[in-house]
Amino acid sequence: MFNKVLIANRGEIALRILRACKELGISTVAVHSTADSEAMHVRLADESVCIGPPPSRDSYLNMHELLAACEITGADAIHPGYGFLSENAKFADVLDAHGITFIGPSAEHIRIMGDKIEAKKTAKELGIPVVPGSEGAVNTIADAKKIAADIGYPVLIKAASGGGGRGMKVAQTENDIGEALQTARSEAGAAFGDDAVYIEKYLAKPRHIEIQVLGDGKGGGIHLGERDCSLQRRHQKVWEEANSPALNEEQREKIGGICARAVQGLGYSGAGTVEFLYENGEFYFIEMNTRLQVEHPVTEMITRIDLVNEQLRIASGSGMSVTQEEIAFTGHAIECRINAEHPVTFAPSPGKIAYYHPPGGLGVRVDSGVYQGYSIPPYYDSLIGKLIVHGRNRVECLMRLRRALDEFVVDGINTTLPLFRELVSNPDMLDGNYDIHWLEHYLADRS
Ligand code: MV4
């Protein structure tokens, strides 16, 4: 196991990683920009290093500063968390060249999954069901028209280097496809420096269901069930739950088994998430994330597995702590991402937290690095914490979530807590009857 881990992140996930390290007796190094010197994880870490001014490109994305912090402190591993450099293959290579362990998958697997065309090709080879579409990049309007005619309109043109909704264009009919292709390619070229695009059948009302996987890098691989992340606003997940209200036990085991075998076949190392669209009882692979995800706690709550602990074990060569047979799914969990934003306009609301009272009680978890008197900086994303609630079933979980939301006080800044207090009493939400477009429609109808 590692002696000292540098946590190359900030906010709630930095604290989350620090907690797992401490429980394993690993020394922790916090890095922070000048805007985060008062952050909770900096206070709790064994050591801390200021790595630069507030802008991410000068601090949390600055590989030289992170390497220097490793040299200064003697950290033997880096945990990247999510976002920032967590899916940067070059960073994984640079750490490897310096003899520092990158707590995550190999640079090769990061690269494969970061290219959405390569990811889809690999997924298909591994037996994962994919969305019907082009076999690779599409370069000409003639090719695009032929493929679209084969799979049927509407179709979606996606950027190979995109992801998270960036660089997507819908073509409703053959008349649209020329412009859609040209626009998608030029926008992808501008945004990602790569104008490669591919085509898929457009799924109109899917759910977003993702499977958590772990691989030991030696051919072992397991799944830890699914998370339903269909409630999103502008490609930002808002509310995630495990299990999905839409799946039954048989479907869970089937798609979970497919993903576990894929991870085994790939020789994947570490935590990963296989993302699907789910429509009319069918799963369609769209992407694989080669990092720990924001919403990992709902999986932890129903499996009782500490995913960061597993990441540290795997990266240090100890392998996973459990076998597939030892994993049981107990109850139901829901996570609400609480942002420092106005609950109606979603305008960012940085500033000082005048009063902070998080909820507690059985089955209530708050993953957050904020505290009373803490000032939310304006430089980073607006996530201030995650409220995660567990119950023996979905009804009990919703009742507990409603109580916890009523108990949660954050004064001095705007937060999205009021939005969740609406959602937790909404009939569609209570029925679990929502797809990826539901929240945008709800918000549009509300205003
Ligand atoms: C799709 C799709 C419909 N059909 N692909 C958006 C982000 C990226 N993960 C893939 N995304 C989508 N891909 C096909 N063939 C609809 C979306 C999509 C979406 C997916 C999941 C969650 C929220 C979404 C919001 C808008 C569009």
Side-chain angles (χ1 to χ4, degrees), residues 82-83 87 113-121 123-124 128-138 144 147-148 150-172 176-177 180-181 184 187-188 191-192 196-212 226-242 244-247 255 272-291 293-295 298 335 337 346 423 432-444:
Y82 51 65
E87 294 184 295
M113 298 306 172
D115 175 329
K116 304 309 172 192
I117 292 176
E118 205 53 40
K120 194 170 175 180
K121 201 173 289 180
K124 195 172 180 181
I128 295 175
V130 299
V131 185
S134 57
E135 280 308 309
V138 175
I147 293 159
D150 289 348
I151 61 179
Y153 287 93
V155 297
L156 194 58
I157 299 170
K158 291 180 164 180
S161 295
R166 295 171 303 160
M168 296 195 320
K169 291 280 175 241
V170 179
Q172 295 291 351
D176 306 330
I177 202 144
L181 181 70
E187 287 181 6
F192 315 116
V197 297
Y198 60 108
I199 290 185
E200 288 186 341
K201 176 74 181 160
Y202 179 65
L203 302 177
K205 294 184 170 185
R207 298 183 83 114
H208 175 125
I209 293 178
E210 57 189 34
I211 304 292
Q212 179 68 57
E226 83 276 6
R227 294 185 288 263
D228 194 317
C229 306
S230 303
L231 218 75
Q232 301 198 16
R233 176 180 176 271
R234 296 186 183 178
H235 300 291
Q236 294 299 315
K237 295 165 183 170
V238 168
W239 160 308
E240 305 104 338
E241 44 187 311
S244 166
L247 296 193
I255 194 65
T273 298
V274 188
E275 285 198 354
F276 293 90
L277 294 178
Y278 176 78
E279 192 173 69
N280 302 327
E282 296 297 331
F283 288 91
Y284 303 94
F285 171 88
I286 44 175
E287 299 173 19
M288 178 175 184
N289 301 318
T290 54
R291 67 176 189 275
Q293 305 225 187
V294 174
E295 60 270 24
V298 293
E335 175 184 88
R337 295 194 194 191
F346 297 97
L423 293 174
N433 183 18
Y434 55 88
D435 64 27
I436 61 170
H437 304 299
W438 187 92
L439 184 56
E440 308 257 12
H441 293 151
Y442 174 82
L443 295 172

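Heavy atoms only: backbone and side chains are in, while hydrogens, waters and symmetry mates are out. Atoms within a ligand are numbered from 1 in the order they appear, just like the ligands themselves.
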When you look at Y82 and N289, which way does the side-chain contact (heavy atoms from CB on, under 4.5 Å) test go after all the steps? CA-CA 10 Å; Y82 51 65; N289 301 318; over 6 Å; no

What I want to find out is whether E240 reaches R337 closely enough, with some N-O distance under 4.0 Å, to be called a salt bridge. yes

Near ligand 1 (heavy atom, under 4.0 angstrom), the protein residues are V131, L156, K158, G164, G165, M168, E200, K201, Y202, L203, H208, Q232, H235, E275, L277, I286, E287, I436

Is the F276 to Y284 ring centre distance short of 6.0 Å? no

Assess the side chains of E210 and T273: does a donor N or O sit below 3.5 Å from an acceptor N or O? no

Would you call I177 and I157 a side-chain contact if the rule is heavy atoms closer than 4.5 Å? yes

If you count heavy atoms of other groups shown closer than 6.0 angstrom to CD of E440, is the number above 12? yes

